[in-house]
Protein chains: 2
Amino acid sequence: MRLSRYFLPILRETPKEAEIVSHRLMLRAGMIRQEAAGIYAWLPLGLKVLNKITDIIREEQNRAGAVELLMPTIQPAELWRESGRYDAYGKEMLRISDRHEREMLFGPTNEEMVTEIFRAYVKSYKDLPLNLYHLQWKFRDEIRPRFGTMRSREFLMKDAYSFDLDQAGARHAYNRMFVAYLRTFARMGLKAIPMRADTGPIGGDLSHEFIILADTGESEVFCHQDYLGFAVPPADTDFEDAAGLQGLVDHWTSRYAATSEMHDAAAFEAVDAASRVSARGIEVGHIFYFGTKYSAPMGATVTGPDGQERAVHMGSYGIGPSRLAAALIEAGHDDDGIIWPDEIAPFHVMLLDLKTGDGATGAACDTLYKALTLRGLDVLHDDRDERAGAKFATADLIGIPWQVLVGPKGLASGKVELKRRATGERELLSIEEAVARIAG
Amino acid sequence: MRLSRYFLPILRETPKEAEIVSHRLMLRAGMIRQEAAGIYAWLPLGLKVLNKITDIIREEQNRAGAVELLMPTIQPAELWRESGRYDAYGKEMLRISDRHEREMLFGPTNEEMVTEIFRAYVKSYKDLPLNLYHLQWKFRDEIRPRFGTMRSREFLMKDAYSFDLDQAGARHAYNRMFVAYLRTFARMGLKAIPMRADTGPIGGDLSHEFIILADTGESEVFCHQDYLGFAVPPADTDFEDAAGLQGLVDHWTSRYAATSEMHDAAAFEAVDAASRVSARGIEVGHIFYFGTKYSAPMGATVTGPDGQERAVHMGSYGIGPSRLAAALIEAGHDDDGIIWPDEIAPFHVMLLDLKTGDGATGAACDTLYKALTLRGLDVLHDDRDERAGAKFATADLIGIPWQVLVGPKGLASGKVELKRRATGERELLSIEEAVARIAG
């Protein structure tokens, strides 16, 4: 992509309304624009990041056996009356009347709707286990939305819902998602620690939040430092192996870890002092087992092997990709801007033509562009008629992992400069060497 | 994907509420489920089709130089007051009050919001031309939604918006989308004919609808039969070549073509009788040039080369992927079910294990599955414990282009049966031959 043909509205000044670094950088880097309180448009660079995040989420959901569908944003109120949550949910639910004065709402979550879908079609234990997920925009009318996409009103959520015959099956389903979440966050370059959590308005018996540590985190968390070194389950993990998954989950819950709501000071004191980590954390995922809380009142039953009908055991599993985009920046930035992990970066490589209009630098950029694109890399070519300093600043701000600086002086001796955004390391290389290093 | 692990809720009976064939088949094939009047969940098979449709749309939008972003569903009423459309839009607009009693709405379209984004950042003609598009769910509170996803209330739309310095630039932008649309529909196996159209509530001077012919179409259309043979512009069309694009558009508007609203009976009579096509049509795309209708009242101006500020000339360009899914079925089905074009099919191949539990047929299906998947094909393996007849019916109903029938009798002589859904042609082939034929 040529930057001159792209839409990347960089802000020179730091927006005053932004209280946290990710919000400031997302505005400055032209990733988002606020359209109303807590409601954002995702500009092209931001959308690319969001898509990278959702691609990884989808791959890991599918690997764990979940099946994707897509539920609508607008839901009828009746569904929520069946579960009893319509009145319980409070003002965070955006309630709507349509032209016929029918009561509707903009879904804040989908337990009721997915239970309705399940009960309409599934009648036998033979069709279980089942895990249905979707990626859809949700709305929660926060009284005071803030921190950009970290706590917005309209936000993207991946929400999965599992259906099993009994508690043992549901535990297996829960563990599948637990392990999928470990893999999902690790692939984004994040160390996410599962912490026993309160179940809140979803309800239920068993729940974990996945928390990443970041100095600017919203809440205080406490954990054993062993978690920082635990190995993440590999891609070939057998998600059908219930005992194997339980072993992984046992390992990942074997040390102390708690958010402030669930913190037990005495238990934490029992951890040897050198291993106690007390830090700020950001919640990036939340999983719940809640048994028959929705299936029983809504009549989502199946016939078991014994011919008896019973309400299915359910769980739900959420990740907020729009919040993750911000969390990734909280975890990866410096004074000059964003530092994207390779897996999430909106482009892999940025080419900086340091003398636009000079035939030689333009031709070298074209050669690099073709060679890198052929290797499946996504390249942003800064061909704007701007001085070199502005191009350096833009490249650092938007945080593309590799920068290739193409100037007339280097080219005279057949070299371009390759810069790694994360470390600032620079090397003078031939075009071929630069391509090989990046693709390598 | 193994069907036993998938979620494909086939209906045996024909749903009574469905008035048209696409609605019936989408319900029967487990593609969609109605959650409220005109509001549908897209079940896994339906979502795969929707994604195939949006993939093609994105590729052709990008090829024509449009840049993708993503605007939110909820919009503030103030934006629509600026353009004057808040009061004009009527009851189709879903109006919402948030917890602070601020007036909001669920976007039925995005001219105002994209104009707000444009004016916030773009100040100079040097940043033009610009075309921004997104794929987002819209809501139009139709008084009587019907025909399934053909005329639903919550629907997916690709809407692109072009910004140019003057009318000539805007015409080039219009022609880019015109040609992109011809390519988009052709790639889906559809013959779409551009017809001069009324501009409706969008407003403006120039507009075309893209109409496909289908016996079950919603409206009467009239055109010259030459359109059915016109060559579609190739993938290497130069979208920068304004004159070349104008030539293509002139060619594609050189014969008579009109919807009933714009029909001129006298002009149609002037076409020689043998070339007159009078048929039913389905609108699948609509493009508009509307000049400064939004930019002038909303102050979306740029500085021209002469230093003067002027309001930009705009156009908007819509395709409804959720409506297209239905239109594709109207155009491609028989008594047994859906017939997907290869480019849109949710899976490329369906494997029918005609004796589940038989070691040999299962092993042959596994071999086929691996070989086809290695070639990048998406395969659905019907491994359910069902009789062969039910598997035949399901395969025909959901319309996967290739079926491979794997039964013990054929296997005994080393053969499987390959069936082409569209033609019903069948061949007895070895596994290797079948793979080569499908991948070929």
Side-chain angles (χ1 to χ4, degrees), chain A residues 1 4-7 9 11 30 33 35-37 39-44 46-48 50 65 67-76 78-79 91-92 94-100 102 104 106 113-114 116-117 120-122 126-127 129-130 132 134 136-137 139 141-143 152-154 385, chain B residues 1 4-7 9 11 30 33 35-37 39-44 46-48 50 65 67-76 78-79 91-92 94-100 102 104 106 113-114 116-117 120-122 126-127 129-130 132 134 136-137 139 141-143 152-154 385:
Chain A
M1 173 62 65
S4 63
R5 308 268 175 95
Y6 200 54
F7 182 63
L11 300 184
R33 176 167 182 79
E35 293 299 333
I39 301 179
Y40 292 87
W42 290 75
L43 304 180
L47 178 59
K48 279 186 83 104
L50 202 56
V67 178
E68 189 176 2
L69 45 56
L70 183 56
M71 291 176 269
T73 63
I74 302 295
Q75 306 187 11
E78 300 98 76
L79 268 183
K91 289 207 154 194
E92 275 195 19
L94 188 65
R95 293 157 207 262
I96 301 171
S97 290
D98 73 5
R99 67 189 297 164
H100 300 298
R102 280 178 295 218
M104 317 287 287
F106 196 124
M113 189 177 279
V114 78
E116 190 284 324
I117 291 171
Y121 301 113
V122 183
K126 291 181 191 164
D127 295 322
L130 183 64
L132 298 173
H134 75 157
Q136 180 60 291
W137 294 89
F139 203 96
D141 202 357
E142 303 266 356
I143 192 159
S152 53
R153 295 198 291 169
E154 184 167 335
D385 185 16
Chain B
M1 174 61 66
S4 63
R5 307 269 175 95
Y6 200 54
F7 183 63
L11 301 184
R33 176 168 180 78
E35 294 298 334
I39 301 179
Y40 292 86
W42 289 74
L43 304 180
L47 178 59
K48 279 186 84 103
L50 200 57
V67 178
E68 188 175 3
L69 45 54
L70 183 56
M71 291 177 269
T73 62
I74 301 295
Q75 307 188 12
E78 300 99 75
L79 269 183
K91 289 207 155 193
E92 275 194 19
L94 188 66
R95 293 155 206 262
I96 301 171
S97 291
D98 73 6
R99 67 189 295 164
H100 301 298
R102 281 178 295 219
M104 317 288 286
F106 197 124
M113 188 175 279
V114 79
E116 191 284 324
I117 291 171
Y121 301 113
V122 182
K126 290 180 191 165
D127 296 321
L130 184 64
L132 298 172
H134 75 158
Q136 180 59 290
W137 293 88
F139 203 97
D141 202 356
E142 303 266 357
I143 193 160
S152 53
R153 294 199 291 169
E154 184 167 336
D385 185 15

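Residue numbers start from 1 in every chain, and the chains themselves are labelled A, B, ... in the order their sequence lines are given, proteins ahead of strands.
- Closest of all the heavy-atom pairs between A:Arg99 and B:Glu142 is NH1-C, 3.9 Å.
- Proximity to chain A (any heavy atom under 4.5 Å) is restricted, for B:Gln136, to the side chain, taken from C-beta onward.
- For a residue to count as touching a neighbouring chain, one of its non-hydrogen atoms must lie under 4.5 Å from one of that chain's; by this rule A:Leu132 touches chain B with the side chain only.
- Heavy-atom minimum distance, A:Met113 versus A:Pro76: CE-CD, 4.4 Å.
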Salt bridge (Lys or Arg N to Asp or Glu O under 4.0 Å) between B:Asp98 and A:Arg153, worked out:
CA-CA 11 Å; B:Asp98 73 6; A:Arg153 295 198 291 169; 2.9 Å; yes

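- Contacts of B:Leu47 with chain A are made by side-chain atoms alone, with heavy-atom separations under 4.5 Å and no backbone atom involved.
- When A:Asp141, A:Val67, A:Leu79 are compared by the number of non-hydrogen pairs under 4.5 Å with chain B, A:Asp141 comes out ahead.
- Not counting sequence neighbours, the partners of B:Arg5 by the side chain to side chain contact (heavy atoms under 4.5 Å, CB included) test are A:Glu240, B:Arg2.
- Put simply, of A:Gln75, A:Arg102, A:Lys91, the one with the most heavy-atom pairs under 4.5 Å next to chain B is A:Lys91.
- Only the side chain of B:Glu154 has a heavy atom closer than 4.5 Å to any heavy atom of chain A.
- Counting only heavy atoms from C-beta outward, the side chains of A:His100 and B:Ile143 approach each other to under 4.5 Å.
- If you tally non-hydrogen atom pairs under 4.5 Å between each of A:Tyr121, A:Phe7, A:Trp42, A:Tyr40 and chain B, the highest count goes to A:Tyr121.
- For the options A:Met71, A:Met1, A:Glu68, heavy-atom pairs under 4.5 Å to chain B are most numerous at A:Glu68.
- With sequence neighbours excluded, the residues that form a ring-ring contact (aromatic ring centres under 6.0 Å, His included) with A:Phe106 are A:Phe139, B:Phe106.
- Of the two parts of A:Leu94, only the side chain, counted from C-beta on, holds a non-hydrogen atom closer than 4.5 Å to a non-hydrogen atom of chain B.
- Only the side chain of B:Ile96 has a heavy atom closer than 4.5 Å to any heavy atom of chain A.
- For the residue pair B:Trp137 and A:Leu70, the shortest heavy atom distance occurs at CZ2-CD2, 3.5 Å.
- Proximity to chain A (any heavy atom under 4.5 Å) is restricted, for B:Leu130, to the side chain, taken from C-beta onward.
- For a residue to count as touching a neighbouring chain, one of its non-hydrogen atoms must lie under 4.5 Å from one of that chain's; by this rule B:Ser97 touches chain A with the backbone only.
- Options B:Leu43, B:Leu50, B:Ile74 differ in how many heavy-atom pairs under 4.5 Å they form with chain A, and the most are formed by B:Ile74.
- The shortest heavy-atom contact between B:Met104 and A:Ala36 is CE-CB, 4.1 Å.
- Options B:Ile39, B:Val122, B:Asp127, B:Asp385 differ in how many heavy-atom pairs under 4.5 Å they form with chain A, and the most are formed by B:Ile39.
- For A:Ile117, the parts lying near chain B are the backbone and the side chain together; criterion is any non-hydrogen pair under 4.5 Å.
- The part of B:Leu11 that comes within reach of chain A is its side chain, from C-beta onward, which places non-hydrogen atoms under 4.5 angstrom from that chain.
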